[in-house]
Amino acid sequence: MGRLKLQTGINSIEEEPEDCDVNYSNKATLACTINSEVGAVLAVMRRNVRWGGRYMSGDDQLENSLIQSLKALRKQIFSWQHPWHAINPALYLQPFLDVIQSEETGAPITGVALSSVHKILSLDVIDQNTVNVDDAMHLVVDAVTSCRFEVTDPASEEVVLMKILQVLLACMKIKASVMLSNQHVCTIVNTCYRIVHQAGSKGELLQRIARHTMHELLRCIFSRLPDVENTEHMNGGNTIKQEIGGLNNEYTLGSGNFENGNMSSDYDGQPLSTNFASNASMGLVATAIDENIGGSGGGKEAVSYDLHMMTGPYGVPCMVEIFNFLCSSLNVNEHMGMGPRSNTIAFDEDGPLFSLGLINSAIELGGPSIRRHPRLLSLIQDELFRNLMQFGLSMSPLILSMVCSMVLNLYNHLRTELKLQLEAFFSCVILRLAQSRYGATYQQQEVAMEALVDFCRQKTFMVEMYANLDCDITCSNIFEDLANLLSKSAFPVNCPLSSMHILALDGLIAVIQGMAERIGNGLVGSENSPVNLEEYTPFWMVKCDNYSDTRHWVPFVRRRKYIKRRLMIGADHFNRDPKKGLEFLQGTHLLPDKLDPQSVACFFRYTAGLDKNLVGDFLGNHDEFCVQVLHEFAWTFDFQDMNLDTALRLFLETFRLPGESQKIQRVLEAFSERYYEQSPQILANKDAALLLSYSLIMLNTDQHNIQVKKKMTEEDFIRNNRHINGGNDLPRDFLSELYHSICKNEIRTTPEQGAGFPEMTPSRWIDLMHKSKKTAPFIVSDSRAYLDRDMFAIMSGPTIAAISVVFDHAEHEEVYQTCIDGFLAVAKISACHHLEDVLDDLVVSLCKFTTLMNPSSAEEPVLAFGDDTKARKATVAVFTIANNYGDYIRTGWRNILDCILRLHKLGLLPARVASDAADESELSTDTGHGKPLPNSLSSAHMPSMGTPRRSSGLMGRFSQLLSLDTEEPRSQPTEQQLAAHQRTLQTIQKCHIDSIFTESKFLQAESLLQLAKALMLAAGRPQKGNSSPEDEDTAVFCLELLIAITLNNRDRIVLLWQGVYEHIANIVQSTVIPCALVEKAVFGVLRICQRLLPYKENLSDELLKSLQLVSKLDARVADAYCEQITQEVSRLVKANASHIRSQFGWRTITSILSNTARHPEASEAGFDALLFIMSDGAHLLPANYVLCVETSRNFAESRVGQAERSVRALDLMAGSVNCLARWASEAKEAMGVEEALKMSQDIGEMWLRLVQGLRKVCLDQRDEVRNYALLSLQKCLTGVDEIHLPHGLWLQCFEMVIFTVLDDLLEIAQGQSQKDYRNMEGTLILAMKLLSKVFLQLLHDLSQLSIFCKLWLGVLSRMEKYMNVKVRGKRSEKLHELVPELLKNTLLVMKTRGVLVQRSALGGDSLWELTWLHVNKISVSLQSEVFPDQDLEPSQHKHSQIGGGLVSDETGSSPLNETAASESAGIRG
């Protein structure tokens, strides 16, 4: 099988020698040592009478041969010339060995001889290079294992036995041990094992030493396994002599009477001989070969080596023999008769514990090397594991603990070879014992739970269980079952918290933390892709191309798990209605559209949870399709090399055998056909199999039905089955074995319905071994999170619930911390795998523990919080989750905010959390537009008009505690109270609550929206009635936070703005009295606009629209805050004027500014903003021109400020004409013809609106304003040369502005009280001059128009009215003088320009006649003054006539013309 590679480094397995400076290479020293040992043996021998004198019998031999050989050695020892390694060790060992083997020597002499051999071996003289070392080693082993001596007293016998153990152990530890043969190593182990059993009746010390030596031997042997070459196939067919059977008798050491202790001789006062000679009844090889549980052939082929292999240098063959012997020594049936349904092992635990310990040592040392040696591996897979399954149900906690430790070792070293064995162990042992409902004691439960927790601490254990078992349709859901077990076991139901609950919690958290650690190793991108079956493929044939490549096996197991889940759902449907169940599976592509027998058979065979009654009925049905399904179903079983009863048991476990005989026959026919096909060794044909199967069913009913009184005997059974084997009888032994198997172990024809965890029966074990050869390879997971999302989704709910319940019941700080670690791990996994629902559930659970959600009944909740460790830990955890994993919190924000609000109400929040959140970003932001304005809006600068706020901040709270109230003297706080406050302070600092809002700019969009919604919900809907101060305080605080996150998310304002705006609008519109909330709402909006306009020009309209809310304020509210609002709008304008582009935005701004014009406190700031916009046209735009003019007009008309401000407002209006001129020239240069024309029209409209605005101010009651407005109007009418206004616009101007203002002023002068309008005379004079000047300036253009006559008559009629006006009841002398003068000047200019000329008398000259008709009413002398030569013949002027009575201005100059022109110029000046 294998042999040891002879390596020089072999002493790596030796024990460290004692520190010793003696150099044994000195031949003399060694000779002296051996000489002294010879002397010691002789000295002890001489004490004995038998050896002390000469023989007196007349024999020729004077001395005994033993003494002679010792003396001869003494003679030779100093005369040897060769180095020690060249001397045959037999020369100096043989005399001692003879003494050991002699039957004549007593225990003391044998003991000294053994000590001498031990000492010589310990000298390290003998190594693998020594001459004849192999013979010498064999001599030593043979001599010591066949040691004989007379027992004189128990103590001396124990000494000899101890020394035998010492020598044998030394043989295995020295360098030359590699020369021992496999057979000799087996002999050594066999001898030690017998001494162990013999020591049972001896002293405690011998027992301990014997067991320790046995362990050391095993360690020496199996520690060399990694260095052994696998030579199993080197020698071809010669290596293995025969498949079944032992060695030749020379080496076959049976397992006779170990357990009875017969190998030792009991001391009864007489000298007895104790003999350790090797004989056929003692030994290791072929032990318990034929005594396998349930007739399994598992161990039969493991121990068959030929003579050559056993006599060669030791290696794997002896290890296999030893291991096989140890496994056989465990065989449960040897120790006691165990009922098939028993779950206890009631026997002495000492023996099994010892054997298990030895096997465990072998596994620990052999480790992964075992898998290179198929025979060792086979023993572990079958015989060892089968025994471990039985011992796992032991009532002894010690045995159970050892079994669990061994399985953990096997998992770590050999899990890839033990897939189904591990599944069976967890299903049939751990999951059964860890729950009290299966009858396990508390101790058993605890040990099983400890073992499970140990497994959970293996980083990849749960992942591998999930990938290999939960995702395999033929295996049970071990991961799911274990996770549920841990969750349930952590729940204290109607009982206090126990160590078991904490243990289960540890396991649960170990699994969760394993997942959390794997997240750091990188997530797998494909893990979230959903699995879909597009078309039908046989689900039982799904294969993976490469089980070691994650790119292949990860999608494969996820697909397989999807199939398994769908099958389970299909089973549920099938159990309710078989037809619908199959239709469902067809719909999910797990069964073909047209059902075929094989697919339905595989569905029945591989789907857990099916109703076995329904399956049995279906399989027994006579329908042709059902018969085909039954046939295919039988073909899914592997009955190779199985006993008939075992095969029948397995077959009938999968469904319930129908009650009708015809159905039973069909089922058994299918079974028999399959069985005969695979196991035809004894049976002649399938009919024989059928008849025998029937017979077994009948025997089973007979033996196990309590109603059958007379039971069938073995003879009856054999007689009933005569001649059924093709006319012949079946072998009697075969039938007898079947009879006893059925009698002892009932075939259950009504199998359990899937609930609970099954027992491991012999037949199930055989089936498991068959399956293990065909099962898919074991998938080994690495440290990345391939399947964690799927696993976590399964266990997250129960896990959070379990941790929460334990946390609730816990009273110790370390348990608190364990739970908190678990909560944080759950949060990390939920966030990284984007499981938002799980994270929300976690937050909800944790918030309950902060105690902040509960209405506090404590008198001083701050102190109570400081004293409550659990609440403080939970609070820190909640905010840690909010800060670290806020991206994935959704509805949980509501609970987090409830906690924040509670802290706020208690005054425990750091001062100004919300404003800090916004101000910080404000200060740190580099806008690129210069520094923020120093008086930028923040809550610190806002004098609150609402309810006074309580002292905020923890230090405020602290100072309240320390202060002494003058009205109610309070006692000084105690040290405990101060400490509680200190703890509270530290807790709140650790929470970093402000970071939630300052860092909100990094939150994912969905989470941010949910946070904003939660704030709005927490604030509540504002009530029109009076709300309580506390509610208002909450609403204000929430609004502050909402504004803070809005400001922090300027890049995502689109996301938030609609909701924020609606919330604020709701507050504004529902508030009727000034209060802190509406104040915060209004100034919050202004602040948002201030901050965001520079960055979001495309949203400026949306942002500025919010300012319209100001106009919707209740009058009382608006009045209270008008000044501050205006100041903020002013700041807004100054900071962002260049960013406001649209007419809508400016309309909003100017609307607010206009409203301030009449407010005493606010008007100054409003006008300041207007000055900023309009001065020098700095920020005037076509979009805001008309709006700004209108606003200026409002300020000009406002009587709130001094008249001086109205004058400045008029200056702004008049100055704006320059902007129009500039735009006009720019339009000409930069635009196309059409655009320029459009711009020109727009400018004309703006100009018209300007002069219309001024017209209104011209009617102001204050004379200085009124007069200044007229002058400004004149400026705007005459200073527009650069703006090319169309003629039609001028006509509109005369009609709508000039004539109107003249008429209105005249009406005021005549009708209104002079108290309201002072100095109207001066105003009328200015108005008259304005009319004259504008008319003359525009005369050239106006005279071209067809309606010039009408316009001119309008001018004349106004002059006439002004001439006759009475101010204060008397005619105005100044006007009486001014009007004729202005009229004369006008007439002269008209004459000079040829506008007013007398036409031919033949036709009517309406302009001329009408002019003089009106002029004469004003002054009769004017005509003669202007036209002194009017009597000249009309024919003189014929040459200058132009149609329509309009005369050109091309006549030659004359002194009169010059005079008129100069006058005109004078007036213009």
Side-chain angles (χ1 to χ4, degrees), residues 408 411-412 430 434 449-467 470 478-491 497 499-524 527 780-807 810 812-835 838-839 841-843 845-846 849 870 873-874 876-878 880-881 883-885 888:
L408 183 59
Y411 167 78
N412 277 314
I430 297 293
M449 187 59 71
E450 282 171 353
L452 175 53
V453 172
D454 285 338
F455 275 100
C456 291
R457 289 180 179 135
Q458 314 305 306
K459 298 298 180 192
T460 60
F461 168 71
M462 282 297 206
V463 188
E464 288 172 350
M465 291 299 103
Y466 180 76
D470 288 56
I478 294 295
F479 159 75
E480 206 165 323
D481 292 337
L482 292 178
N484 285 335
L485 169 65
L486 288 169
S487 301
K488 287 176 186 170
S489 302
F491 261 87
L497 209 58
S499 58
M500 180 75 92
H501 298 127
I502 303 301
L503 194 58
L505 180 74
D506 284 342
L508 207 52
I509 288 176
V511 177
I512 292 296
Q513 287 182 330
M515 289 183 182
E517 284 171 26
R518 283 194 288 276
I519 286 167
N521 302 325
L523 294 171
V524 183
E527 66 174 344
V780 179
S781 175
D782 60 18
S783 57
R784 297 184 68 190
Y786 297 108
L787 301 170
D788 284 356
R789 188 181 197 278
D790 300 340
M791 293 165 61
F792 185 69
I794 291 169
M795 68 181 295
S796 58
T799 300
I800 293 174
I803 301 175
S804 299
V805 172
V806 174
F807 191 60
H812 298 289
E813 196 156 335
E814 59 272 21
V815 182
Y816 296 159
Q817 193 55 51
T818 304
C819 294
I820 293 295
D821 292 343
F823 282 132
L824 293 177
V826 169
K828 182 178 181 181
I829 301 164
S830 307
C832 293
H833 292 300
H834 301 187
L835 297 167
V838 178
L839 195 56
D841 290 346
L842 175 64
V843 168
S845 283
L846 261 176
F849 295 116
K870 186 188 295 185
K873 282 188 178 292
V876 173
V878 166
T880 302
I881 291 169
N883 276 307
N884 294 349
Y885 311 116
Y888 305 98

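Fair warning: this is a prediction, and the values are worked out from it, not measured in the lab. Quick note: numbers below take in every heavy atom, side chains included, and nothing from hydrogens, waters or symmetry partners. Here, residue 1 is the first one in the sequence, and each next residue gets the next number.
- Checking side-chain atoms of D470 against main-chain N and O of E480 turns up a donor-acceptor pair under 3.5 Å.
- To the nearest 0.5 Å, atom CG of residue L508 and atom CG of residue N484 are 10.0 Å apart.
- The shortest side-chain heavy-atom distance between F455 and I430 does not fall under the 4.5 Å cut-off.
- At distances below 3.5 Å, at least one donor-acceptor pair connects side-chain atoms of R789 with backbone N or O atoms of H833.
- How far CZ of F461 is from SG of C456: 6.0 Å, rounded to the nearest 0.5 Å.
- Residues satisfying the salt bridge (Lys or Arg N to Asp or Glu O under 4.0 Å) test with E517, not counting sequence neighbours, are K459.
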Exercise answer: donor-acceptor pairs, residues 795-805 side-chain atoms, under 3.5 Å, sequence neighbours excluded:
residue: S796; atom: OG; partner: F792; partner atom: O; Å: 3.3
residue: T799; atom: OG1; partner: M795; partner atom: O; Å: 2.5
residue: S804; atom: OG; partner: I800; partner atom: O; Å: 2.7

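- Of all heavy-atom pairs between V463 and D788, the closest is CG2-OD1, 4.1 Å.
- When the side chain to side chain donor-acceptor pair (under 3.5 Å) test is applied to N883, no partner is found at least two apart in sequence or on another chain.
- A 4.5 Å side-chain heavy-atom check between K873 and Q817 finds at least one atom pair inside the cut-off.
- Checked against side chain to side chain donor-acceptor pair (under 3.5 Å), Y466 has no partners two or more places apart in sequence or in another chain.
- Evaluation of the side-chain contact (heavy atoms from CB on, under 4.5 Å) rule for S489 yields M449, L485, A504 as partners, not counting sequence neighbours.
- Without hydrogens or angle criteria, E464 side chain to V780 main chain gives no donor-acceptor distance under 3.5 Å.
- In this view, D454 and R457 satisfy the salt bridge (Lys or Arg N to Asp or Glu O under 4.0 Å) rule, not counting sequence neighbours.
- Contacts classified as salt bridge (Lys or Arg N to Asp or Glu O under 4.0 Å) and involving residues 813-833 (residues at least two apart or in different chains) are not found.
- Distance check: Q513 CD to L824 CG gives 9.5 Å after rounding to the nearest 0.5 Å.
- Minimum interatomic distance between A877 and I820 (heavy atoms only, all atoms of both residues): CB-CD1, 3.9 Å.
- For the atom pair CG of L835 and CG of L842, the computed distance is 12.0 Å after rounding to the nearest 0.5 Å.
- In this structure Y816 satisfies the side chain to side chain donor-acceptor pair (under 3.5 Å) test with no other residue, sequence neighbours excluded.
- L505 contributes atom CG, which lies 11.0 Å from atom CZ of F491 (distance to the nearest 0.5 angstrom).
- Residues satisfying the side-chain contact (heavy atoms from CB on, under 4.5 Å) test with A874, not counting sequence neighbours, are F807, L846, F849, T850.
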Self-check item: Check against side chain to side chain contact (heavy atoms under 4.5 Å, CB included), M515 and M791
Solution: CA-CA 9 Å; M515 289 183 182; M791 293 165 61; 3.7 Å; yes
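- The minimum heavy-atom distance linking V806 with I502 is given by the pair CG1-CD1, 4.2 Å.
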